[in-house]
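First comes the structure, then the notes that go with it.
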Amino acid sequence: MQLIDGKKTSAEIKKEIAAEVESMTARGIRRPHLAAILVGHDGGSETYVANKVKSCAECGFTSTLLRFEDDITEQQLLAEVAKLNENPDIDGFIVQLPLPAHIDEQKVIEAVSPDKDVDGFHPVNVGRLSIGLPGFKSATPAGIIELLRRYGISTRGKHVVVIGRSNIVGKPIASLLMQKGNTGDATVTVCHSHTQNLKDIVRSADIIIAALGKPGFVTADMVKDGATVIDVGTTRVPDASRKSGFRLCGDVDFDNVAPKCEFITPVPGGVGPMTIVSLMLNTLQAAKQRRGC
Ligand code: GUN
């Protein structure tokens, strides 16, 4: 069994990005600039956004954090999005999800200009990804593909079973893996809450991508010997022994599944750090496009 170390890989990629940014600035090209909108005080969102701002600094990017209380109206938030769309200093921006219930998330996602949508959530970017055109790829799926690529795990002709059909992980990772080419060419099955014989289907997988948000859902009896397991779960489970009061729990029963695997990602330190690094890569791509380099 080999552990897929997302923390180490993401640190390497951040160094590569920082080197590229230094070479850009040496040629007189302005640093990439990412903005993030954070509404309210959700603990998970606070942590994610703080990590995104920290990663910007590590990559040599400029970052701007715009915070709003959770009583911001939909109209006010849409006006803030419009300002960022028009601001020539901003290369790309994200609106951290989830948003308060009185705001229509999809409306906000569709208000972001596709050429600044470094989350890859706008239907234009989702559509481009699904037909194999260049565009901003949703960060978590892009991070998974990069991990598989860097660990030399071929997907060609393999049966990949994705558990979960969310717009930001399940659907786009299934699209990417079925594309023609080196990091695709897989036979993909997507399982969800209505799938019959789910255990049997998962057991037939060469590569399992667990992205349903249920701690410990994938058990050893569902995994064939020699499979590769990618765990996207990051559920916060109360844990009084931790200073934070919680621990992050993956969707895979790691201790019992790991011995059966050829490769497996841990939680934390697997997919999570790669998600943030993919956002940095999208922001670098946005900056290069805007500067024509
Ligand atoms: N909430 C959970 N994951 C994400 C993400 O990748 N981007 C944004 N904007 N919000 C999220």
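For ligands, and for the atoms within them, numbers begin at 1 and follow the listed sequence.
Look at Glu105 and you'll find every heavy atom at least 4.0 Å from all atoms of ligand 1. Judged by the shortest distance from any of its heavy atoms, Tyr48 lies outside the 4.0 Å radius around the atoms of ligand 1.
Residue Pro141 comes nearest to Ser138 through the heavy atom pair CD-O, 3.3 Å, listed as atom of the first residue, atom of the second, then distance. Minimum heavy-atom separation, Arg30 to Arg291: O-NE, 2.8 Å. His122 and Asp117 make their closest contact through N-OD2, 2.8 Å (heavy atoms, listed as atom of the first residue, atom of the second, distance).
Among all protein heavy atoms, the one lying closest to atom 11 (C) of ligand 1 is Gln96 NE2, 3.3 Å. Counting protein heavy atoms only, atom 1 (N) of ligand 1 is closest to Leu97 O, 2.9 Å.
A donor-acceptor pair shorter than 3.5 Å cannot be found between the side chains of Glu74 and His102.
Test Leu99, Ile94, Leu84 against Ile37 for side-chain contact (heavy atoms from CB on, under 4.5 Å) and you get one pass: Leu84.
Residue-to-ligand polar distances place Asp119 within reach of ligand 1: an N/O pair is separated by less than 3.5 Å. For a threshold of 3.5 Å applied to N or O pairs, the pair formed by Val95 and ligand 1 contains at least one separation below that value.
Within the listing of ligand 1, atoms 5 (C), 6 (O), 7 (N), 8 (C), 9 (N) sit less than 4.0 angstrom from a heavy atom of Phe121.
Taking only non-hydrogen atoms, the option from Val49, Val169, Ile168, Thr140 nearest to atom 3 (N) of ligand 1 is Ile168.
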Stepwise, does the side-chain contact (heavy atoms from CB on, under 4.5 Å) test hold for Ser10 with Ile276?
CA-CA 8 Å; Ser10 69; Ile276 295 192; over 6 Å; no

